[in-house]
Amino acid sequence: MKHLSKLNFDQRCYEILKQVPAGKVTTYKAIAEALNSKAYQAVGNAMNRNPNLIDTPCHRVVNSRGELGNYVLGCEKKRQRLEAEGVLIENGRLVNFDEICLTSLKPLS
DNA sequence: ACATTGACAATTA
DNA sequence: TTAATTGCCAATG
């Protein structure tokens, strides 16, 4: 991550996502808006073509209704990963969504 | 709750 | 290269 100007859309999504710490989540919408775009679905696509599950915690991205959304390894896996980070989920929905969701992510320079 | 419409990058043809 | 298709979505009807 040196020359941000040469990062493509996907890579920018990943950079934004790195701002989200364990135990918290964000939404596809928030990421798109941090990129000054409405490409919500494109953000999801970026996650889907899987970069690196280790430094790109795609499981911390949920949809704007506080539901899990989809996941490359299946939504049950996503739930497990989130619960392992202390995120409570009830019937596919984050219990304290409003508390732990980062809605305004900072754009990259 | 379901269907439609809108937006958009990457992939595929 | 351009056109069509796809997709971990969102807002609206």
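Note that the coordinates shown come from a computational prediction; the quantities given were computed from them, not determined experimentally.
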Rounded off to whole Å, could you give me the [atom1]-to-[atom2] distance for the [X] and [N] pair?
| X | N | atom1 | atom2 | result |
| --- | --- | --- | --- | --- |
| Arg49(A) | dG7(C) | CZ | P | 11 Å |
| Asn50(A) | dA10(B) | CG | P | 16 Å |
| Asn45(A) | dA10(C) | CG | C1' | 14 Å |
| Glu67(A) | dC2(B) | CD | P | 11 Å |
| Asn48(A) | dT5(C) | CG | P | 20 Å |
| Leu53(A) | dC8(C) | CG | P | 14 Å |
| Arg81(A) | dC8(C) | CZ | C1' | 14 Å |
| Asp10(A) | dG7(C) | CG | C1' | 12 Å |

Could you tell me which non-hydrogen atom of [X] sits nearest to which non-hydrogen atom of [Y], and how far apart they are?
| X | Y | answer |
| --- | --- | --- |
| Leu35(A) | Phe9(A) | CD1-CE1, 3.8 Å |
| Lys78(A) | Gly69(A) | NZ-C, 4.3 Å |
| Pro107(A) | Ala34(A) | CB-O, 3.2 Å |

Any N/O pairs under 3.5 Å between the protein and nucleotides 5-7 of chain B? List them or say none.
| unit_1 | atom_1 | unit_2 | atom_2 | d |
| --- | --- | --- | --- | --- |
| dA7(B) | N1 | Gln41(A) | OE1 | 2.9 |

Salt-bridge test for Glu85(A) and Arg60(A): reply yes if a basic N is under 4.0 Å from a carboxylate O, no otherwise. yes
Are the charged groups of Lys18(A) and Glu15(A) less than 4.0 angstrom apart, N to O? yes
May I have the step-by-step check of side chain to side chain donor-acceptor pair (under 3.5 Å) for Asn52(A) and Asp55(A), ending in yes or no? CA-CA 6 Å; Asn52(A) 173 337; Asp55(A) 62 89; 2.6 Å; yes
Distance between C1' atoms of dA7(B) and dG7(C) (Å, rounded): 12 Å
Return the residues of residues 58-65 of chain A meeting this criterion: a heavy atom under 4.0 Å from some atom of DNA chain B. Order them by number, or give none. none
Sub-4.0 Å heavy-atom contacts from residues 28-35 of chain A onto DNA chain C, ordered by number: Tyr28(A), Lys29(A)
Measuring only between side-chain heavy atoms, which start at C-beta, is Thr56(A) closer than 4.5 Å to Leu17(A)? yes
